[in-house]
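Notes follow once the structure below has been shown.
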Amino acid sequence: MDSKVLKFIKFLEFKHDFATITYFREDGLIASYYPDFMIETQTNIYLVETKSDKDLKDINLKQKSTLDFVKRINNLSSENS
């Protein structure tokens, strides 16, 4: 592991329910997913989603929802975080 990594978390669906991200699938239905990992460095926190080649087509839908999720988290006041 890189020495710049302070924390590395593998999200578990039934343990880390705070990491649920809701998105709209291509067919318009609502779905949820959990990013695979969270990595914290001195200056940043990264959400990491791994995909096989066959699953890359819906990555943009999840990416848009994840960016919205991160924006909402970043806008929380200190009393809500």
Side-chain angles (χ1 to χ4, degrees):
M1 186 177 315
D2 189 315
S3 63
K4 295 177 185 172
V5 173
L6 302 176
K7 295 177 186 170
F8 180 88
I9 297 171
K10 165 67 174 128
F11 285 122
L12 301 173
E13 186 174 335
F14 299 105
K15 184 176 181 180
H16 302 113
D17 59 353
F18 66 89
T20 304
I21 297 176
T22 303
Y23 72 102
F24 288 97
R25 300 184 329 191
E26 284 185 359
D27 61 8
L29 295 176
I30 295 175
S32 297
Y33 86 100
Y34 299 82
D36 294 317
F37 304 98
M38 181 178 74
I39 300 168
E40 182 179 350
T41 66
Q42 193 75 25
T43 58
N44 296 302
I45 296 175
Y46 299 93
L47 295 177
V48 179
E49 175 72 11
T50 59
K51 288 286 178 215
S52 66
D53 287 343
K54 70 178 181 62
D55 294 328
L56 287 176
K57 70 177 183 172
D58 69 336
I59 193 72
N60 288 335
L61 299 172
K62 288 182 179 180
Q63 182 181 37
K64 288 177 187 177
S65 294
T66 302
L67 291 172
D68 181 56
F69 173 83
V70 169
K71 185 184 289 184
R72 286 183 282 132
I73 295 295
N74 288 337
N75 286 329
L76 287 174
S77 64
S78 59
E79 61 211 29
N80 290 327
S81 55

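Note: hydrogens, waters and symmetry copies are ignored here, and every other heavy atom, side chains too, is used.
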So R25 and Y23, do their side chains get closer than 4.5 Å, heavy atoms only?
yes
If you round to the nearest 0.5 Å, how far is NZ of K4 from CD of Q42?
11.0 Å
So, taking the atom named CD1 in I21 and the one named CZ in R72, what distance separates them when rounded to the nearest 0.5 Å?
8.5 Å
Interatomic distance, F69 atom CZ to T20 atom OG1 [nearest 0.5 angstrom]:
8.0 Å
Count I, L, V, M, F, W, Y as connected when their side-chain heavy atoms are under 4.5 Å apart, and connections chain through other members. Are L67 and I73 then in the same cluster?
no
Heavy-atom count around K10 NZ within 6.0 Å, excluding the residue itself: above 12?
yes
Once you round to the nearest 0.5 Å, how far does CD1 of I9 lie from CZ of F11?
6.0 Å
So which atom in A19 and which in P35 form the shortest heavy-atom distance, rounded to 0.1 Å?
O-CD, 3.4 Å
Is there a side-chain contact between F24 and L29 in this structure, where contact means two heavy atoms from C-beta onward sitting under 4.5 Å apart?
no
Is V48 linked to L12 within one hydrophobic cluster, defined over Ile, Leu, Val, Met, Phe, Trp and Tyr using a side-chain heavy-atom separation of less than 4.5 Å?
no
Say you draw a straight line from CG of L6 to OG1 of T41; how long is it, rounded to the nearest 0.5 Å?
6.5 Å
Strictly below 4.0 Å, N to O, side chains only: are K64 and D68 in salt-bridge contact?
no
dist F8:CZ -> Y46:OH (nearest 0.5 Å) comes out at 14.0 Å
Donor + acceptor pair across side chains of Y33, T66 (<3.5 Å):
yes
